[in-house]
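Just so it is clear: chains get the letters A, B, ... in the order the sequence lines come, proteins before strands, and each one is counted from 1. In this text, all values refer to a predicted model and were calculated from it rather than measured experimentally.
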2 protein chains.
Amino acid sequence: MSSHSSGPVGVFTFRLNAVSNLSSPISYALGRLVGNVRTFPAHQDIVRQGDRPSQCCVVLRGWVSRNKVLEGGVRQITALHIPSTIPDLQSLMLPQMDHNITTVTSVEAGFIPHSALRHLMTEFPSLALAFWKETLIDGAIAREWEVNLGSRPAAQRIAHLFCEMATRLEHVGQADRIENALSFPWPLTQGQLGEATGLSAIHINRTLQELRARGLIEFTRQQVQITDLDRLTHFAGFNPDYLLSEKPGQSASLIDAYERAVASI
Amino acid sequence: MSSHSSGPVGVFTFRLNAVSNLSSPISYALGRLVGNVRTFPAHQDIVRQGDRPSQCCVVLRGWVSRNKVLEGGVRQITALHIPSTIPDLQSLMLPQMDHNITTVTSVEAGFIPHSALRHLMTEFPSLALAFWKETLIDGAIAREWEVNLGSRPAAQRIAHLFCEMATRLEHVGQADRIENALSFPWPLTQGQLGEATGLSAIHINRTLQELRARGLIEFTRQQVQITDLDRLTHFAGFNPDYLLSEKPGQSASLIDAYERAVASI
DNA sequence: CGTCATGTTGAGCGTCATCAACAGGAGTGG
DNA sequence: CCACTCCTGTTGATGACGCTCAACATGACG
């Protein structure tokens, strides 16, 4: 537990320890680098396609989306990010952003200068491994979204997204489970859900009604309730393996060993 | 230039230098680790979903696809890989594969044991940065595929894939350019093209005819010819920036500096 | 025998339009 | 200061219509 665990940065350092298996000194140092914390309103770009950031953004509260906008104005959401992640970490290695980072809800975000991150990476080489692993998991999620967009009909596509977000939210303690039922906040409008699934807002509306009629999900404003997770999982063809290809803590040994090996040179 | 540059491993070490900006000693060492080179027939899995590989696969000749198969038997191709890449590099960090690696053509592939890669990464910490960067570029390509699958109509979707592959192939010298025309090998059947774009094989067939009728592309068996790259680029809404978010050689300074910084500890 | 080609049919989904519900903000009067 | 209205923008809901694309044919070509 770092001294930051109680503030807004706490969720960040907590995740670094639990999910990314970073050792406490590294996550503590990272947490201390987060500065310039401020609040963004909903539906606002934090980073834009074509930008060349000199700092990275840490999401501390709220949801953000990765998205690209086509010439015609159509927007495709390619990923959803929940708190404690660094959505534009790639700008450290790829200077020009290929997509936008946009707030979904009101968002509290902090910033870490690239220079500080680079310095910390030379001090703790295993940090690069942790970042690489984060990127690999993002990649696995992106692949599953490709399958969703390319191969599943509308109802299953929406259901699959709900399954994925339910799993990810529960994993960071932001979903309430009672037996086989799961409820969690859902800040996306039907229009945004359409942008994420490649469907029109109208068709989203009708398909949601179908899912409700089947008794698979319920909506109370800003909140989704999955009545029977097993049924929804089966309906959507959801397999959670891709979200965390290993049990938490398992890769700690690799990262620790790497740290010791480099330090001993 | 390593001593391997003339053999099949040459394309691998060449790309490590040119694209990944690895220094010659590292790429030379990596090239030496490639062993057990053998040839796979077309349409065969090299690595399967659920596998826990203990080695990584280096594609030396031919094309492979990343793909996932749904319960109903529908296959979604999420990425295409051309020679000189390591498609299952992620198995170093995420032990369980979330997707299949399948040959498209006949493929020559070599293998590097995880243990050797891990050892080399402790010897050259900047190798992790290079691998991370590769993963980030893969991620940028995956995002563009998500946009393709979710937001573009059939004709533009296919045209966009042709633009992407033309650019990537030309980048490694496997496309012939004459003025504004570009021709390159195209080993995918119409069925596989459908699996990559989320369209039925029949609709692929008809849309290809439409593209031919518009004079945008021509087909000779196993070969695609883009008659006017600018026109096709405009038609598809293709912007090549995401493929290499920087000019080759630009990130060499970061990786070199990282190598020196860690070595000087 | 796999791949490409071509016709027919219909389901799935997009587009356009309208309407209700709701949340702010400005102004008004109490 | 608070309550009430009016206005406006956003979201969700619903109907009518048309187009894109999938499903199931059946041949033709290597």
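B/Glu144 has a carboxylate O that lies under 4.0 Å from a charged side-chain N of B/Arg152, or vice versa, which qualifies the two as a salt bridge. By the 4.0 Å N-to-carboxylate-O rule, B/Arg38 lies too far from B/Glu108 to be salt-bridged with it. At a threshold of 4.0 Å, the pair B/Glu210-B/Arg206 does not count as salt-bridged, since none of the basic side-chain nitrogens sits closer than that to a carboxylate oxygen. The residues B/Arg66 and B/Asp98 are annotated as not salt-bridged, no charged nitrogen and carboxylate oxygen being separated by less than 4.0 angstrom.
Distance check: B/Lys68 NZ to B/Arg75 CZ gives 13.0 Å after rounding to the nearest 0.5 Å.
The aromatic rings of A/Phe219 and A/Phe162 lie perpendicular to each other, with more than 60° between the two planes, well past the 30° mark.
Nucleotide D/dG30 holds its P atom 17 Å from the CZ atom of B/Phe219, rounded to whole Å. Remark: C1' of D/dT11 and CD of A/Gln209 are 14 Å apart, rounded to the nearest angstrom. A/Ile158 has its CD1 atom 12 Å from the P atom of D/dG12, to the nearest Å. The CD atom of A/Gln156 sits 13 Å away from the C1' atom of C/dG12 (whole-angstrom rounding).
Contact of the B/Leu89 side chain with the B/Cys56 side chain is registered, since non-hydrogen atoms from C-beta on lie closer than 4.5 Å.
Ring centers of B/Trp145 and A/Trp145: at least 6.0 Å apart, outside the cut-off.
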Within the sub-3.5 Å range, which N or O atoms of nucleotides 19-23 of chain D have a protein N or O partner, and how far apart are they?
unit_1	atom_1	unit_2	atom_2	d
D/dC21	OP1	B/Ala154	N	3.1
D/dC21	OP2	B/His203	NE2	3.1
D/dC21	O5'	B/His203	NE2	3.2
D/dA22	OP1	B/Gly198	O	3.4
D/dA22	OP1	B/Ser200	N	3.2
D/dA22	OP2	B/Ser200	N	3.2
D/dA22	OP2	B/Ser200	OG	3.0

Please tabulate the protein-to-nucleotide N/O contacts below 3.5 Å involving nucleotides 2-4 of chain C, giving atom names and distances.
unit_1	atom_1	unit_2	atom_2	d
C/dC4	OP2	B/Gln190	N	2.8

